[in-house]
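In what follows, a structure is listed as structure tokens, so that the remarks can point back to it.
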Amino acid sequence: MMLQSLKGHDDAAMGALAAQVFDGIRALSPDTAGVSRPAFSDIETRTLDWLADFARTEGLHVEEDAGRNLLFCLPEDANAASWVLIGSHVDSVPMGGNYDGLAGVVAGLMVLIRAARSGRSFRRPVKCLAMRGEESAWFGACYLGSKMLTGQLPDAELAAAHKGDGRSLRDHLEALGIDTAPLAAQTPICDLSKIEGYLELHIEQGPLLVERGLPAAIVSGIRGNFRHRLVRCIGEAGHSGAVPRAYRHDPVLAFAELMHRLDDTWDHLLRTGRDLVLTSGIVGTDPASHAISRIPDELGFSLDIRSQDAAIPDQMRAYLREQMDDIGRSRGVRFDTGAEVAVAPALMDAAVIAGLEAAMARVTDEPFTMPSGGGHDAAIFAQAGIPAGMVFVRNRNGSHNPDEAMDIGDFLVGTAILSAYLEAEE
């Protein structure tokens, strides 16, 4: 299947080098389970400092940008007029895995080091970006670092409070010495005209590559989403044995009916070739008042609806409102959706996809392309008009948890695909 195990490269040496980076960063950021690298924190800064020291020992040029992210490149490309960017983030969710985000940064470093050691040249200058602040766990909004770079950070997110200390994102940035004036003006803090393209390697966050027995894949697009962190279904409390069905205002049954209708619509869309996933990951009645013999007066739940099809979120948004209104009338309840958080879908660039598919064919003889269910910084660069592409690497046990299980051999396949795409033909 694989062409002589990534022929022309010393797999053992590159694998050991990558493992050294992963192990070194893991040791910097342990938690009671997994790792925790909070966005815009001292731990995140120490992570970047470790990466800078490592890159310099490998002969790479290192510089810091206006967002206090790091850029790495071959010394001869330090003053390039423009470049292709390989990037990802170094922060993690609380008690998360060590590969989500970090694998993309290490991949960029390995691509640069592989080229330097082998004497191969790139078709265009290449830089690797180690970004801060992608995870939404810390300030309630995701992709903060890439939004800052591209001038797409909303005012509400700049003012968002940290979940731990309550201080705003603006305060945290200013404590790091970052000028927040251009962020408030939604001005890019890097010269986007110099970025010819953006590439990102990421662990797959689902089971598809494991089930198919494939080490890697090319990403066709990133599903957009709209989310409601807390939807309240408000009914009326009553005694479980005393209130007949006709007189009940039961939010639990109303929620169950809503989810059944959404599930039927999901099934229909998939059967007709459309793209959709939806999840209610938080569901509950008030533990201070709920009881086995009490009809609850309120139920709270979250809702996350995603699609790669730009038209589907608007259709589902309207459908959701219609069904809530209909169920509310028939069951005597009401739904309060609260605030919505939305991210638009982002298709990867067709030419970049084709180039990565051709590179994967050279590396593995078995190219495979799939959509991304999770969001990534690549979506933000694509929305800024920069041609973007992604490579997924097989990973067991999902992501955002301590049990992430990416094999270094699969990681090397992913980095070899990037190298084959970026390096000049022999």
Side-chain angles (χ1 to χ4, degrees), residues 136-137 139-142 154-157 159-161 163 166 223-272 274-345 373-375:
S136 63
F139 292 92
C142 50
D155 291 340
E157 294 181 9
K163 76 166 208 171
R223 289 182 174 121
N225 67 74
F226 69 93
R227 298 176 178 175
H228 295 281
R229 295 184 179 275
L230 176 61
V231 181
R232 299 169 62 215
C233 183
I234 302 165
E236 184 177 297
H239 190 285
S240 64
V243 182
R245 186 180 189 280
Y247 300 102
R248 292 193 178 208
H249 306 275
D250 189 334
V252 174
L253 291 178
F255 165 75
E257 183 172 351
L258 175 66
M259 294 308 296
H260 179 67
R261 293 187 188 188
L262 290 173
D263 187 49
D264 280 349
T265 300
W266 183 6
D267 181 61
H268 170 73
L269 287 171
L270 293 180
R271 289 176 183 273
T272 55
R274 309 299 292 277
D275 181 61
L276 180 72
V277 288
L278 64 87
T279 307
S280 180
I282 302 171
V283 182
T285 53
D286 185 353
S289 60
H290 64 195
I292 193 169
S293 61
R294 182 178 189 267
I295 302 165
D297 57 344
E298 184 173 322
L299 177 141
F301 62 97
S302 64
L303 199 58
D304 183 328
I305 297 178
R306 301 181 181 225
S307 179
Q308 190 177 223
D309 185 334
I312 292 291
D314 285 341
Q315 293 173 12
M316 289 301 298
R317 191 179 283 110
Y319 178 77
L320 176 65
R321 187 70 266 168
E322 289 170 3
Q323 300 312 304
M324 285 180 170
D325 290 345
D326 183 57
I327 294 168
R329 285 189 296 269
S330 66
R331 292 193 175 271
V333 301
R334 65 184 177 88
F335 290 90
D336 179 356
T337 59
E340 177 189 291
V341 176
V343 177

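No experiment lies behind these values; they were computed from the predicted model shown.
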If you compare all heavy atoms of G300 against all heavy atoms of L230, which two are closest, and at what distance to 0.1 Å? CA-CD1, 3.9 Å
May I ask you to say whether R321 pairs ionically with D325, meaning some side-chain N is under 4.0 Å from a carboxylate O? yes
At their closest point, which heavy atom of A254 faces which heavy atom of C233, and how far apart are they? CB-SG, 3.8 Å
Just how far is it from atom CD of Q315 to atom OG1 of T265, taken to the nearest 0.5 Å? 11.0 Å
Contacts of R294 that satisfy side chain to side chain donor-acceptor pair (under 3.5 Å) - sequence neighbours left out: none
Minimal non-hydrogen separation, L278 against W266, with atom names: O-CZ3, 3.5 Å
All heavy atoms of E157 vs all of A141, minimum pair found to be CD-CB, 3.4 Å
If you round to the nearest 0.5 Å, how far is CG of N225 from CZ of R223? 11.0 Å
Can you name the side chain to side chain donor-acceptor pair (under 3.5 Å) partners of H268, sequence neighbours left out? none
Heavy-atom count around R317 CZ within 6.0 Å, excluding the residue itself: above 12? yes
Once side chain to side chain donor-acceptor pair (under 3.5 Å) is applied, do any residues pair with D336, and if so which ones, sequence neighbours excluded? none
Calculate, to the nearest 0.5 Å, the distance between atoms CG and CZ belonging to L303 and R227 respectively. 11.0 Å
Do Q323 and L262 have side chains that approach each other closer than 4.5 Å (heavy atoms only, starting at C-beta)? no
So, taking the atom named NE2 in H228 and the one named CG in L320, what distance separates them when rounded to the nearest 0.5 Å? 6.0 Å
Can you find a heavy atom in the side chain of S307 that is under 4.5 Å from one in the side chain of M316? no
Tell me whether the rings of F301 and F255 are parallel (<30°), tilted (30 to 60°) or perpendicular (>60°). tilted
For residues 282-289, please give each side-chain donor-acceptor pair under 3.5 Å, one per line with the distance, not counting sequence neighbours.
residue	atom	partner	partner atom	Å
T285	OG1	H290	ND1	2.7
D286	OD1	A288	N	2.9

Does any non-hydrogen side-chain atom of T337 lie less than 4.5 Å from one of M324? yes
Check whether any side-chain heavy atom of E236 sits under 4.5 Å from a side-chain heavy atom of R248, and report yes or no. no
Could you work out, with side chain to side chain donor-acceptor pair (under 3.5 Å) as the rule, every residue matching D263, not counting sequence neighbours? none
Pairing residues for F139 by the ring-ring contact (aromatic ring centres under 6.0 Å, His included) criterion, not counting sequence neighbours: H162, H172
Rounded to the nearest 0.5 Å, what separates atom CG in D309 from atom CG in L276? 9.5 Å
Would you confirm whether T279, through its side chain, and D304, through its main-chain N or O, come within 3.5 Å as a donor-acceptor pair? no
Nearest atoms (heavy-atom pairs only) where A161 meets G166: CB-O, 3.5 Å
Go through the steps for Y319 and I305 under the test side-chain contact (heavy atoms from CB on, under 4.5 Å), then give the verdict. CA-CA 12 Å; Y319 178 77; I305 297 178; over 6 Å; no
Which atom pair, heavy atoms only, marks the closest approach of S302 to G281? OG-N, 3.2 Å
Distance, nearest 0.5 Å, that separates CG of L258 from CG of L253: 12.5 Å
